[in-house]
Amino acid sequence: MNHILRVTLSVWLLAIAGVACAASISGTYVGLYSNAAELLQIVERPDGSILGHFEQVMLSSKGTKTTTMNAGVSGAVSGDTLVLTLKPAEFMGGTIPLSGSIDGDTLRLSGGANGGSFTVNAQRSTEAVFNQRVQQLTAQAGQTSLMQAEQAANEKERKDIGNLTGWLQNYSRLASVHLQRLPKVPQTYAAVTSKMEAALEKEESLPAGSYARGQVDYFIGTLNYQFNSLHYDLQSVESSFGYSDGKITNSGAPEAILRAQAYCGFDHHPITLGPACANFQVANTAYQADVKQLETLFTAAESAWNAEHVKQKAIEKQADALSN
């Protein structure tokens, strides 16, 4: 009787051990990485074949978005050895052969296709853990995208401010030449009028109806032509600097300057932009001073021209009368 009991007990223990060794690998396995999350859900059939689903969510190389791969899983298990094939759902996606082992709750697979390697290191877990990691990766991609967008905006602003600074500096270089010349313009106009007045006196001293009077009258007309040419030259310079009706209005410059001032005025931007804002501030200060000086000098030159023009018209009228 004892012998029969020992035999029965041994058979029962062996049966239990056999069941333990043949424990199913069916379940959910999750791989968590710094830039990705993987979900492998498999079902082991009685014949050792495997069917299932694989999903991988990975950050892009720039870290600004996530990409998702879904694949069907087929394969087989023998003991602790697995051979699987992933069939991506994408059209013409090809297949990815994998092989590896399972050790308790840890599953390790490696393989690849078309010269690329593919590995899966996962732990028995739940789909909720996978979803949580996906949410983290999605949030990380959003933050990185916003950060890179801000960096791109800063770079564009830096470039725009650099271009504006160059324009302001060039404006000041050109202005420096005319700021030296413009103060002399009223005296130049007055000098032409003085020549015309002297010529008129000479014409008056010559015999009436003489050829000499006609020559002097022609000379006075020539001086007036030169006077008007000087004014045309002045107007050309005024136009190049955006001057009209007593004010300088450079198209687009005020708006660009206001944008740059506002941008450089933000607390964090001077640190971000560095020399770009500092150079702009220097160039803009010089530009604003040049604009005021040019407006003053252009206005004075126009006033001088108007005053001398009235005098010269009177001289021309008298000269024409004397030559007739």
| request: First locate atom CD of Glu157, then atom CD of Glu150, and finally report the distance between them rounded to the nearest 0.5 Å. | output: 12.0 Å

| request: For residues Thr299 and Glu295, report the shortest heavy-atom separation together with the two atoms involved. | output: OG1-O, 2.7 Å

| message | Listing request: all ring pair (Phe, Tyr, Trp, His ring centres under 6.0 Å) pairs with a residue in residues 239-261, at least two apart in sequence or in separate chains. | response | Tyr171-Phe241, His178-Phe241, Tyr243-Phe298

| field | Donor + acceptor pair across side chains of Glu308, Thr193 (<3.5 Å) | value | yes

| remark: In terms of heavy-atom contacts, Leu200 and Ile220 come closest through N-CD1, 3.8 Å

| query | Which heavy atom of Gln312 sits nearest a heavy atom of Tyr189, and at what distance? | reply | NE2-O, 4.0 Å

| Reported CD-to-CG distance for the pair Gln123 and Asp105, which is rounded to 0.5 angstrom | 7.0 Å

| request: For Asn284 and Gln288, test the side chains for any donor-to-acceptor distance below 3.5 angstrom and give the result as yes or no. | output: yes

| query | Nearest heavy-atom pair of Arg124 and Ser24: which atoms, and what distance? | reply | NH2-O, 4.0 Å

| task | Taking the side chain as every heavy atom from C-beta outward, state whether Trp305 and Asn228 have any pair of such atoms under 4.5 Å apart. | result | yes

| query | What is the minimum heavy-atom distance between Val134 and Ala37, and which atoms define it? | reply | CG2-CB, 4.4 Å

| said: According to salt bridge (Lys or Arg N to Asp or Glu O under 4.0 Å), who are the partners of Asp233, at least two apart in sequence or on a separate chain? | reply: none

| query | In the hydrophobic clustering (ILVMFWY, side-chain contacts below 4.5 Å, transitive), which residues join Leu86, or is it alone? | reply | Ile25, Tyr29, Leu40, Ile42, Ile50, Phe54, Met69, Val73, Val77, Leu82, Leu84, Ile96, Leu98, Ile102, Leu107, Leu109, Phe118, Val120

| query | Given the rule that I, L, V, M, F, W and Y join up when any side-chain heavy atoms are under 4.5 Å apart, are Val310 and Ile315 in one cluster? | reply | no

| task | Hey, could you give me the CD/CD distance between Glu204 and Gln318, rounded to the nearest 0.5 Å? | result | 6.5 Å

| query | If you measure from the Lys or Arg side-chain nitrogens to the Asp or Glu carboxylate oxygens, is any gap between Lys156 and Asp160 under 4.0 Å? | reply | yes

